[in-house]
Engineer: 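For reference, the structure I am asking about is given below.
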Protein chains: 2
Amino acid sequence: MVKPSSQRRRGAVQDLGTEARILDAAHTVFIRRGTSGARMQEIAKEAGVNSALLHYYFRSKAKLSEAVFRRAAAELLPAVIAVLVSDREIEDKIEAVIEIELTKLLQAPYLPGYILSELAHHPERTRQLVSSATGMIPEDVGRRVLGAVRKQITARVRAGTFHPIEPEQLVINLLSLCIFPFAARPMVSLLLGLDDGEFERFIVRRRRQLPAFFLRALRP
Amino acid sequence: MVKPSSQRRRGAVQDLGTEARILDAAHTVFIRRGTSGARMQEIAKEAGVNSALLHYYFRSKAKLSEAVFRRAAAELLPAVIAVLVSDREIEDKIEAVIEIELTKLLQAPYLPGYILSELAHHPERTRQLVSSATGMIPEDVGRRVLGAVRKQITARVRAGTFHPIEPEQLVINLLSLCIFPFAARPMVSLLLGLDDGEFERFIVRRRRQLPAFFLRALRP
DNA sequence: GTCTATATTGTGATAGAC
DNA sequence: GTCTATCACAATATAGAC
């Protein structure tokens with residue numbers, strides 16, 4: 001964001017650069033409280049600076065939340081989209097998407113909750129979520145993904161090795177199965193009776209089992 | 001909530017009872033803005049009353065949001081849980097859950113976004129979401145659902161008609177596939193290039209196709 | 001029960017010293 | 001660049017008339 005200058009100095013409280021520290025703190029607090037529930041005060045405290053500094057670096061809360069969302073959005077889909085538009089075999093794509101996405105979300109388990117919550121209340125940010133993928137415009141991302149998958153499905157169905165399925169359903173099924181358990185984590189944990197460690201192991205097992213589950217559903 | 005009296009009078013602006021009208025308005029606004037983004041002012045306007053009345057009926061914003069969440073929570077899972085703990089065949093359960101849940105969510109498409117957003121920022125409300133099901137305590141809901149499903153899976157695997165799967169994974173897969181498309185609706189619509197009507201038709205097709213998809217994944 | 005003030009606190013944002 | 005002090009207004013909540 002409108003960064004007034006680029007000096008970086010050593011020896012700060014916990015060096016990282018003030019701007020980056022503020023951004024990290026904002027990320028933490030926005031995830032914890034949601035964008036409208038977050039307080040600039042709390043972010044400042046989390047970053048170990050005064051709240052006036054947040055305005056110095058990011059001008060306004062809206063701008064700061066925009067910066068945080070931009071960074072978070074780049075984590076959720078890009079890798080997955082890259083796989084889906086590649087020229088790998090469809091089975092490889094499915095396995096890779098599950099492996100990549102679950103592994104990433106194990107590192108950032110609260111990301112889906114934050115992103116989906118943002119989308120629900122600021123749908124206009126959706127375009128950014130999708131396009132942050134590859135720099136393509138969102139409409140093209142969708143067309144390319146669906147086009148690539150459709151072509152592969154068609155070939156497989158013709159060869160008699162796939163049960164027919166709409167590419168739209170396939171893609172959404174894949175995203176659903178990967179992202180939902182994190183987005184609904186509190187519900188999942190309570191329903192299954194899992195503490196934090198058990199939830200993590202649940203996902204690790206899932207990462208191993210989901211590809212086979214999904215591929216069985218595609219057999220003729 | 002602490003209702004001062006129970007008189008109902010006819011001939012109100014659009015009769016329904018003031019308290020109910022406020023609750024509906026609050027529901028609308030909380031879904032639109034999220035709990036912390038919602039303003040009592042906006043709710044009052046939506047209900048066609050003065051904001052002092054909201055406090056008269058519900059005492060505080062927190063209490064009002066609690067009442068709204070309670071009502072919304074009762075929509076998402078109870079029906080599904082009832083099916084899963086019943087003594088129907090497992091195939092029937094899967095078909096029924098998909099049918100029931102997608103049909104319900106077609107009527108209330110923004111419910112999942114609201115609920116998941118709430119859970120992300122108020123995880124303590126999760127217990128209420130799960131227990132509103134049957135009045136059972138949340139832990140028992142989970143145990144009973146998993147127990148019932150596990151027994152059915154075991155029998156089928158033994159009979160050679162099912163591929164082995166953890167009941168936990170099966171249940172979460174089912175919920176994921178039903179709820180996620182709504183929870184991530186803006187993302188889904190953009191990715192697939194759907195307007196509102198097309199999204200609805202996408203779900204209608206999904207309701208027809210998903211049972212078969214899911215059951216194929218369970219074959220040995 | 002419903003309204004019009006109004007009290008009170010919370011919160012984003014700016015000014016200005018260092 | 002970073003802080004302290006403060007402004008201005010938004011937002012919840014209450015008092016009291018009708």
Side-chain angles (χ1 to χ4, degrees), chain A residues 1-30 32-69 121-122, chain B residues 1-30 32-69 121-122:
Chain A
M1 293 288 84
V2 191
K3 186 191 332 163
S5 93
S6 309
Q7 296 95 305
R8 285 289 106 93
R9 94 263 85 105
R10 298 274 104 198
V13 185
Q14 22 168 325
D15 218 72
L16 222 186
T18 306
E19 186 176 347
R21 235 173 47 246
I22 290 174
L23 205 56
D24 285 349
H27 181 89
T28 302
V29 174
F30 280 133
R32 182 159 57 219
R33 308 278 185 213
T35 300
S36 43
R39 298 290 163 246
M40 296 296 272
Q41 175 59 31
E42 188 176 0
I43 295 171
K45 188 180 174 189
E46 181 88 25
V49 300
N50 189 281
S51 75
L53 258 202
L54 308 199
H55 289 91
Y56 175 74
Y57 279 102
F58 293 94
R59 189 74 191 166
S60 71
K61 183 185 175 183
K63 291 269 209 313
L64 177 55
S65 84
E66 167 71 18
V68 168
F69 182 78
H121 309 312
H122 303 282
Chain B
M1 290 295 82
V2 191
K3 186 191 331 166
S5 93
S6 309
Q7 297 95 307
R8 284 291 107 90
R9 94 262 85 105
R10 299 273 106 200
V13 185
Q14 21 168 324
D15 218 72
L16 222 186
T18 305
E19 186 176 347
R21 235 172 49 245
I22 290 175
L23 204 56
D24 285 348
H27 180 90
T28 303
V29 174
F30 279 134
R32 183 160 55 218
R33 309 275 185 215
T35 299
S36 43
R39 297 292 163 245
M40 296 295 272
Q41 176 58 29
E42 187 176 0
I43 295 171
K45 187 179 173 188
E46 181 88 23
V49 300
N50 189 282
S51 74
L53 259 203
L54 309 198
H55 289 91
Y56 175 73
Y57 280 102
F58 294 93
R59 189 76 192 164
S60 71
K61 182 184 175 182
K63 292 269 208 314
L64 178 55
S65 84
E66 168 71 17
V68 168
F69 182 78
H121 308 314
H122 303 282

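Lettering of chains follows the sequences in order, A, B, ..., and the numbering in each one begins at 1. Note that this is a predicted model, so its numbers are computed, not measured.
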Engineer: Just the rounded figure in Å: distance from C1' of C:dA13 to CD1 of A:Ile43.
Structural biologist: 14 Å
Engineer: Evaluate the side chain to side chain contact (heavy atoms under 4.5 Å, CB included) criterion for residues A:Phe58 and A:Glu19: first the C-alpha distance (whole Å), next the side-chain angles of each, then the deciding distance (0.1 Å), finally the verdict.
Structural biologist: CA-CA 9 Å; A:Phe58 293 94; A:Glu19 186 176 347; 3.8 Å; yes
Engineer: Quick one: list whatever passes side-chain hydrogen bond (donor to acceptor under 3.5 Å, both in side chains) with B:His122, sequence neighbours left out.
Structural biologist: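 Partners of B:His122 under the side-chain hydrogen bond (donor to acceptor under 3.5 Å, both in side chains) test: none.
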Engineer: Does C:dT2 have OP1 or OP2 sitting under 4.0 Å from an N or O in the side chain of B:Thr18?
Structural biologist: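 Answer is yes, contact under 4.0 Å.
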Engineer: Side-chain N or O of B:Arg59 less than 4.0 angstrom from OP1 or OP2 on D:dT14?
Structural biologist: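 For B:Arg59, the contact criterion (side-chain N or O under 4.0 Å from OP1 or OP2 of D:dT14) is met.
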Engineer: Roughly how far apart are B:Arg33 CZ and A:Ser36 OG, rounded to 0.5 Å?
Structural biologist: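 It is 10.0 Å, given to the nearest 0.5 Å.
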Engineer: Does any residue of residues 32-42 of chain B have a heavy atom under 4.0 Å from DNA chain C, and if so, which ones, in number order?
Structural biologist: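 Close to the strand, none.
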Engineer: If you check every side-chain atom of A:Lys61, which of C:dT2, C:dA13, D:dT14 has the closest atom?
Structural biologist: C:dA13
Engineer: Rounded to whole angstrom units, what separation is found between the OH atom of B:Tyr57 and the C1' atom of D:dA13?
Structural biologist: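 Computing the B:Tyr57:OH to D:dA13:C1' distance gives 18 Å.
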Engineer: Between A:Leu23 and A:Leu64, is there a side-chain heavy-atom distance shorter than 4.5 Å?
Structural biologist: yes
Engineer: Would you please confirm or rule out a distance under 4.0 Å between OP1 or OP2 of D:dA13 and any side-chain N or O of B:His55?
Structural biologist: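 Result: yes.
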Engineer: Using atom types as modelled and distance alone, determine if a side-chain donor or acceptor of B:Arg21 lies under 3.5 Å from a backbone N or O of B:Leu16.
Structural biologist: no
Engineer: Grab the CG-C1' distance between A:Leu64 and C:dA13 for me, whole Å please.
Structural biologist: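 Result: 13 Å.
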Engineer: The criterion is side chain to side chain contact (heavy atoms under 4.5 Å, CB included); which residues satisfy it with A:Asn50, sequence neighbours excluded?
Structural biologist: A:Ala52
Engineer: Partners of B:Arg32 by side chain to side chain contact (heavy atoms under 4.5 Å, CB included), sequence neighbours excluded?
Structural biologist: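 In terms of side chain to side chain contact (heavy atoms under 4.5 Å, CB included), with neighbours along the sequence ignored, B:Arg32 is linked to B:Thr28, B:Val29, B:Glu42, B:Glu46.
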Engineer: What is the separation between atom NZ on B:Lys45 and atom P on C:dT2, rounded to the nearest whole Å?
Structural biologist: 20 Å
Engineer: In the structure I gave you, are the side-chain heavy atoms of A:Thr35 and A:Phe69 within less than 4.5 Å of one another anywhere?
Structural biologist: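 Counting from C-beta outward, A:Thr35 and A:Phe69 never come under 4.5 Å.
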Engineer: Tell me every residue that passes side chain to side chain contact (heavy atoms under 4.5 Å, CB included) with B:His55, counting only those two or more places apart in sequence or in another chain.
Structural biologist: B:Met40
Engineer: With the criterion being N/O to N/O and under 3.5 Å, what pairs connect the protein with nucleotides 3-6 of chain C, and how long is each?
Structural biologist:
residue : atom : partner : partner atom : Å
C:dC3   : OP2  : B:Asn50 : N            : 3.1
C:dT4   : OP2  : B:Asn50 : ND2          : 3.1

